[in-house]
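Scope of the values below: all heavy atoms of this structure, side chains included, with no hydrogens, waters or symmetry mates.
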Amino acid sequence: MTQTTTSSTQTTPTTSSPSTQTSFSPPAPHSPQMTTRAQHGIFKPRKLFNLHTSTHQSISPLPTNPIDALNDHNWKMAMKDEYDALIENRTWELVPRPSNANVIRSLWIFRHKKKSDGSFERYKARLVGNGANQQSGVDCGETFSPVVKPATIRTVFSIALSKSWCLHQLDVKNAFLHGNLDETVYMHQPPGFRNPQYPEHVCLLKKSLYGLKQAPRAWYQRFTDYVAKLGFSHSISDHSLFIYHHGNDNAYILLYVDDIILTASSDALRDSIMSQLSSEFAMKDLGLLSYFLGISVTKHTSGLFLSQKKYAEEIIERAGMSSCKSSPTPVDTKAKLSGSYGNPYHDPTEYRSLAGALQYLTFTRPDISYAVQQVCLFMHDPKTQHMSALKRIIRYIHDTLDFGLHLYPSSVSKLVSYTDADWAGCPDTRRSTSGYCVYLGDNLISWSAKRQHTLSRSSAEAEYRGVANVVSESCWIRNLLLELYCPVTTATLVYCDNVSAVYLSGNPVQHQRTKHIEMDIHFVREKVARGQVRVLHVPSRYQIADIFTKGLPLQLFEDFRDSLNIRQPPVSTTGVY
């Protein structure tokens with residue numbers, strides 16, 4: 001809205017302008033003469049008022065260096081909070097710099113922490129050590145640290161649903177700072193927080209710090225040692241799954257770096273575990289599970305809905321395809337992609353970035369697993385036709401943004417698997433593509449689309465290798481369920497649409513043409529003989545695993561996608577889980 005100074009100017013006759021006198025009538029006898037500011041050369045400046053109101057608070061942009069951050073109040077406070085937490089945790093002590101010592105740099109990392117809906121939450125400044133400067137055998141040793149497997153997460157979710165257990169989410173503040181270091185590591189003082197009394201001293205790290213090569217391993221070991229004192233044991237099938245069992249009390253902990261999911265058979269047991277964890281670590285209870293590893297978890301009237309919609313939107317925006325034309329399927333029904341012809345794509349880094357991002361999207365979107373597997377085969381040398389195939393996946397995601405994986409309360413005592421293979425489908429190597437999916441009750445918990453490592457000389461061989469793969473995965477899941485005190489007592493049903501593969505799995509007949517797959521044959525037959533597996537035939541029209549091996553017509557693709565429990569969110573929800 002603009003406020004302006006207006007005046008109603010009335011022209012009066014003057015003796016200096018004859019034309020004016022003839023153009024206007026003289027004023028009325030009693031009419032006062034009006035004088036304006038303009039006549040005396042006085043002009044009042046226009047005042048512009050903006051009455052538009054915004055509900056969004058002004059957010060400080062990400063700084064490019066510590067100096068800019070210290071000049072901004074918001075970022076300065078975030079840096080101070082981080083520094084104070086490190087000092088309180090006694091992360092280091094200042095010592096004179098030893099001669100010939102390897103001293104790594106200290107860096108500040110800035111980011112905006114966001115909520116699950118994408119809105120701004122808080123400013124986050126993280127002090128990290130530059131692990132790239134570390135020398136193996138000098139200031140770092142073993143660096144491997146396990147993280148929980150996706151199939152384990154879905155299996156625990158299914159068990160919690162079937163038993164009506166609550167899933168709680170915990171976050172460890174500065175998790176890596178709790179790890180103990182076995183090596184001697186020196187680091188420069190943090191930029192902007194150099195001690196004025198000892199400006200030339202360096203930090204001798206007493207505890208782990210973000211950025212160090214051994215930081216994840218040190219944190220994992222510290223967490224493992226403590227929960228073992230509480231009665232937990234880590235799973236043999238998945239070392240990032242911790243299991244508590246005492247009488248009728250059961251509890252599971254899933255650990256993914258510093259994100260923790262806890263579920264227990266009773267509220268009292270869960271509260272007791274959370275209290276003991278909080279006494280040892282600076283831990284924040286985030287309540288019922290709602291957002292984990294970029295995955296939105298929503299509870300509805302009949303189960304859980306897992307969605308990566310926000311992450312998918314970020315992929316679409318990164319690709320610059322926010323207004324693209326949608327595609328009903330992620331891949332066409334033509335022959336598989338080849339890497340032997342075509343023009344190289346002008347930006348291989350962009351291709352690799354988008355292909356890698358799509359890989360993580362398959363956590364809740366198995367319907368794109370085959371298409372993503374195909375484009376990932378050419379990350380080393382992408383061509384223009386490969387980028388076109390990748391963009392088709394994004395156009396399909398754009399059309400199905402709201403879709404996600406549904407989990408329902410169902411029996412956890414039955415495993416059913418489907419396996420298929422596309423024989424000699426690769427035009428460059430003539431290797432086959434195997435695909436499978438595994439259901440625990442009604443819930444899809446594991447799937448795969450992968451090119452076989454060796455060449456198959458017949459379709460039966462390709463299919464049988466696929467059978468061996470899914471039997472191996474099913475045996476792993478059976479062992480996992482046994483550790484979770486939910487044993488599967490019946491045989492795992494494996495459905496295959498190749499009659500020869502079904503015959504080979506149950507009949508001890510050795511042919512000359514099957515000697516080269518003898519290991520796979522003996523492995524599957526052993527499981528069949530023990531009653532752990534039954535290989536059955538299924539018509540190709542009902543072979544769900546087809547969606548993991550080849551492009552399908554629209555109607556068949558939609559039918560199989562629905563069989564994978566990939567659907568839109570339910571109309572009615574009860575909020576976050």
Side-chain angles (χ1 to χ4, degrees), residues 294 308-309 311-401 403 420-435 447-457 459 462 466 545-554 556-558 560-561:
Q308 292 174 279
K309 179 179 179 180
Y311 180 69
E313 290 174 338
E314 292 174 356
I315 296 176
I316 295 172
E317 184 178 355
R318 189 193 309 179
M321 299 176 63
S322 299
S323 57
C324 67
K325 183 180 178 181
S326 300
S327 173
T329 59
V331 64
D332 56 36
T333 57
K334 300 178 182 177
K336 288 179 169 59
L337 296 172
S338 172
S340 59
Y341 66 90
N343 298 321
Y345 185 62
H346 68 276
D347 191 354
T349 302
E350 178 193 17
Y351 181 91
R352 297 178 187 122
S353 174
L354 292 173
L358 289 172
Q359 277 188 312
Y360 186 63
L361 188 60
T362 60
F363 190 103
T364 60
R365 296 296 301 271
D367 52 325
I368 64 171
S369 291
Y370 166 70
V372 173
Q373 180 265 342
Q374 285 291 293
V375 297
C376 286
L377 291 175
F378 308 100
M379 293 177 70
H380 63 289
D381 185 22
K383 302 290 196 300
T384 52
Q385 69 266 24
H386 304 149
M387 189 62 188
S388 298
L390 189 149
K391 288 185 176 180
R392 176 171 179 141
I393 301 174
I394 297 178
R395 290 193 288 115
Y396 168 74
I397 295 171
H398 185 273
D399 187 46
T400 57
L401 261 180
F403 281 57
D420 188 44
D422 182 32
W423 178 50
C426 177
D428 298 327
T429 64
R430 286 306 168 191
R431 284 192 279 172
S432 307
T433 301
S434 293
W447 57 84
S448 172
K450 190 175 183 180
R451 189 170 64 179
Q452 294 183 1
H453 295 296
T454 57
L455 193 68
S456 297
R457 296 168 59 186
S459 59
D546 261 358
I547 199 173
F548 298 107
T549 62
K550 60 181 74 70
L552 299 174
L554 178 59
L556 195 59
F557 175 81
E558 290 181 344
F560 287 162
R561 182 182 65 187

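- Side-chain contact annotation: R365 with T400, donor-acceptor N/O pair under 3.5 Å present.
- Looking at Q452, its side chain does come within 3.5 Å of a backbone N or O of A462 through a donor-acceptor pair.
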Worksheet item: What's the verdict on side chain to side chain contact (heavy atoms under 4.5 Å, CB included) for Y370 and Q374, showing C-alpha distance, side-chain angles and the deciding distance?
Response: CA-CA 6 Å; Y370 166 70; Q374 285 291 293; 3.6 Å; yes

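- In this model, a donor atom of one side chain and an acceptor atom of the other lie less than 3.5 Å apart for E350 and Y345.
- Annotation: side chain of Q373 is not in contact with side chain of T362 (no heavy-atom distance under 4.5 Å).
- Put simply, the side chain of I316 reaches to within 4.5 Å of the side chain of L401, judged on heavy atoms.
- Summarising the geometry, atom CD1 belonging to I394 is positioned 14.0 Å from atom CG belonging to D399; distances are rounded to the nearest 0.5 Å.
- Under a cut-off of 6.0 angstrom, the local environment of NE2 in H380 is crowded, with over 12 non-hydrogen atoms contributed by other residues, nucleotides or ligands.
- Atom-to-atom distance recorded for H453:NE2 and S434:OG is 9.5 Å, nearest 0.5 angstrom.
- Here the closest heavy-atom approach between residue T433 and residue T549 is recorded as O-CG2, 3.6 Å.
- Of all heavy-atom pairs between A424 and R430, the closest is O-NH1, 2.8 Å.
- Residues F557 and Y396 bring their aromatic ring centres within 6.0 Å.
- Q308 places a side-chain N or O within donor-acceptor distance of the main-chain N or O of Y360, the cut-off being under 3.5 Å.
- Residues Q385 and S338 come closest through the heavy atom pair NE2-O, 3.6 Å.
- Of the inter-residue distances, the one linking L556 atom CG with E558 atom CD reads 10.0 Å to the nearest 0.5 angstrom.
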Let's go through K336 and D428 carefully: what are the C-alpha distance in whole Å and the side-chain angles of both, what is the deciding distance for side chain to side chain contact (heavy atoms under 4.5 Å, CB included) to 0.1 Å, and is it a yes or a no?
CA-CA 10 Å; K336 288 179 169 59; D428 298 327; over 6 Å; no

Practice item. Dump the intermediate steps for side chain to side chain contact (heavy atoms under 4.5 Å, CB included) on I397 and L358, then the final yes or no. Key: CA-CA 10 Å; I397 295 171; L358 289 172; 3.5 Å; yes

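- The structure places CZ of R561 at 12.0 Å from CD1 of I368, a figure rounded to the nearest 0.5 Å.
- T333 contributes no side-chain N or O that, together with a main-chain N or O of L552, makes up a donor-acceptor pair within less than 3.5 Å.
- Contact record, F548 with P366: CE2-O, 3.5 Å, taken as the closest heavy-atom pair.
- Residues R395 and C324 come closest through the heavy atom pair CG-SG, 3.8 Å.
- Between D546 and K550, at least one side-chain nitrogen of the basic residue sits less than 4.0 Å from a carboxylate oxygen of the acidic one, meeting the salt-bridge criterion.
- Below 30°, between 30° and 60°, or above 60°: for H386 and Y351 the angle between ring planes is between 30° and 60°, a tilted geometry.
- Counting all heavy atoms, side chain and backbone alike, T329 lies closest to L554 at CG2-CD1, 3.7 Å.
- Here the CD atom belonging to E313 is positioned 10.5 Å from the CD1 atom belonging to I315, to the nearest 0.5 angstrom.
- Put simply, the side chain of H398 never gets that close to the backbone of K325: no donor and acceptor are under 3.5 Å apart.
- With rounding to the nearest 0.5 angstrom, the CD1 atom of I393 is 10.0 Å from the OG atom of S327.
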